[in-house]
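To start, the structure itself, in structure tokens.
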2 protein chains.
Amino acid sequence: MAQENCLQDIELYKKRSLSLKDALELLSGKWKLVVLLHLYHHGTSRFKDLQEGCVSISPKVLSKELQNLEINQLITRTVNNTKPVTVSYAITEHALEIEPVIMALVEFGMKHRVKITAA
Amino acid sequence: MAQENCLQDIELYKKRSLSLKDALELLSGKWKLVVLLHLYHHGTSRFKDLQEGCVSISPKVLSKELQNLEINQLITRTVNNTKPVTVSYAITEHALEIEPVIMALVEFGMKHRVKITAA
DNA sequence: CAGGATCCGTGACGATACTG
DNA sequence: CAGTATCGTCACGGATCCTG
């Protein structure tokens with residue numbers, strides 16, 4: 001019986017680790033969250049706007065981050081039929097679901113900075 | 001007036017980015033969260049237990065991760081006066097404050113996996 | 001304008017061996 | 001037992017140039 005609970009614990013634990021890993025992979029990287037914050041704020045943006053939003057990001061890197069975000073369905077990519085082609089990136093509902101979590105991280109980050117610099 | 005609000009927005013935005021960056025640096029890396037989950041679960045652990053908990057982590061890497069966590073006051077390190085020296089690592093209250101956030105991440109990770117594998 | 005191709009430095013992570 | 005030392009690898013991010 002105790003054995004059973006223990007095994008369940010281990011399974012739960014493993015599942016959590018994997019889920020956590022998944023979630024972190026979504027957000028890890030130098031720019032993904034900057035992009036997300038920008039899109040949370042603006043709702044939708046073009047490539048160039050994002051490039052200016054992330055000061056000093058190279059187009060290659062931005063492109064890659066955007067592709068990753070699109071694959072994970074956190075943003076959508078739509079090509080506009082304009083003379084010089086423009087592309088719009090927009091936040092998805094799925095991404096909106098993590099917004100509170102991200103904001104919680106922001107809050108903790110602020111608290112943490114205070115705590116660490118005080119010590 | 002609108003100008004003022006705009007500037008405030010920019011400041012808030014920058015502050016958020018920085019806080020977020022701080023928070024992520026705490027948790028980023030391949031092993032930090034595995035260690036934290038282990039300690040959330042067990043409360044306190046010795047070096048070897050952690051090493052076995054994180055299957056296939058090298059002592060050097062584990063050591064480095066632990067140092068980092070200690071610097072950020074997420075764990076404490078205490079040396080025990082035993083025959084062969086043992087060291088205990090324990091979770092701090094500060095780390096307990098992020099636990100709900102981490103669990104939120106876990107939850108999102110599970111949802112996300114379902115959503116992605118379905119597509 | 002959007003972003004792919006190429007080249008490159010750096011740091012994170014790993015394997016193994018060794019010490020107090 | 002709890003690490004440190006040393007060496008090696010590889011992917012991430014960056015700089016620059018090029019194209020549809």
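Note on naming: letters A, B, ... go to the chains in the order of the sequence lines (proteins, then strands), and numbering restarts at 1 for each one.
Scanning all heavy atoms of the two residues, the minimum distance from L74(B) to A95(B) falls at O-CB, 3.2 Å. In this structure, P59(A) and F47(A) approach most closely via the heavy-atom pair O-CZ, 3.8 Å.
For E107(A), the CD atom is loosely surrounded, since the number of other residues' heavy atoms within 6.0 Å does not exceed 12.
The aromatic ring centroids of F108(B) and H94(A) lie less than 6.0 Å from each other.
Listed by first and then second residue, the salt bridge (charged side-chain N to carboxylate O under 4.0 Å, His left out) pairs involving residues 17-41 of chain B are R113(A)-D22(B) (not counting sequence neighbours).
Put simply, the side chain of L96(B) reaches to within 4.5 Å of the side chain of Y40(B), judged on heavy atoms. Contact check for S45(A) versus Y89(A): no side-chain heavy atoms found under the 4.5 Å cut-off. Side-chain contact between L39(B) and I75(B): present, with at least one pair of heavy atoms (C-beta onward) separated by less than 4.5 Å. Contact of the L50(A) side chain with the L66(A) side chain is registered, since non-hydrogen atoms from C-beta on lie closer than 4.5 Å. In this structure the side chain of L105(B) reaches within 4.5 angstrom of the side chain of L27(A), judged on heavy atoms.
Along DNA chain D, the stretch of nucleotides lying under 4.0 Å from any heavy atom of chain A spans, 5' to 3', dC12(D) to dA15(D).
Proximity of W31(B) to the phosphate of dA12(C): no side-chain N or O atom is located under 4.0 Å from OP1 or OP2.
Scanning for salt bridge (charged side-chain N to carboxylate O under 4.0 Å, His left out) contacts around R46(B) gives D49(B), with sequence neighbours left out.
H42(B) places a side-chain N or O within donor-acceptor distance of the main-chain N or O of H38(B), the cut-off being under 3.5 Å.
For the contact set between residues 18-29 of chain B and DNA chain D, defined by any heavy atom under 4.0 Å, there are no members. Of the residues in residues 45-62 of chain B, those lying under 4.0 Å from DNA chain D by heavy-atom distance are R46(B), F47(B), K48(B), P59(B), K60(B). A heavy-atom distance below 4.0 Å to DNA chain C is reached by none of the residues of residues 32-44 of chain A.
Atom CG in N68(B) sits about 14 Å away from atom C1' in dC13(C), given to the nearest Å. Put simply, CG on N81(A) is 14 Å from P on dA2(C), counting in whole angstrom units.
The hydrophobic clustering, which links ILVMFWY residues whose side-chain heavy atoms are closer than 4.5 Å, places V79(A) and L62(A) together.
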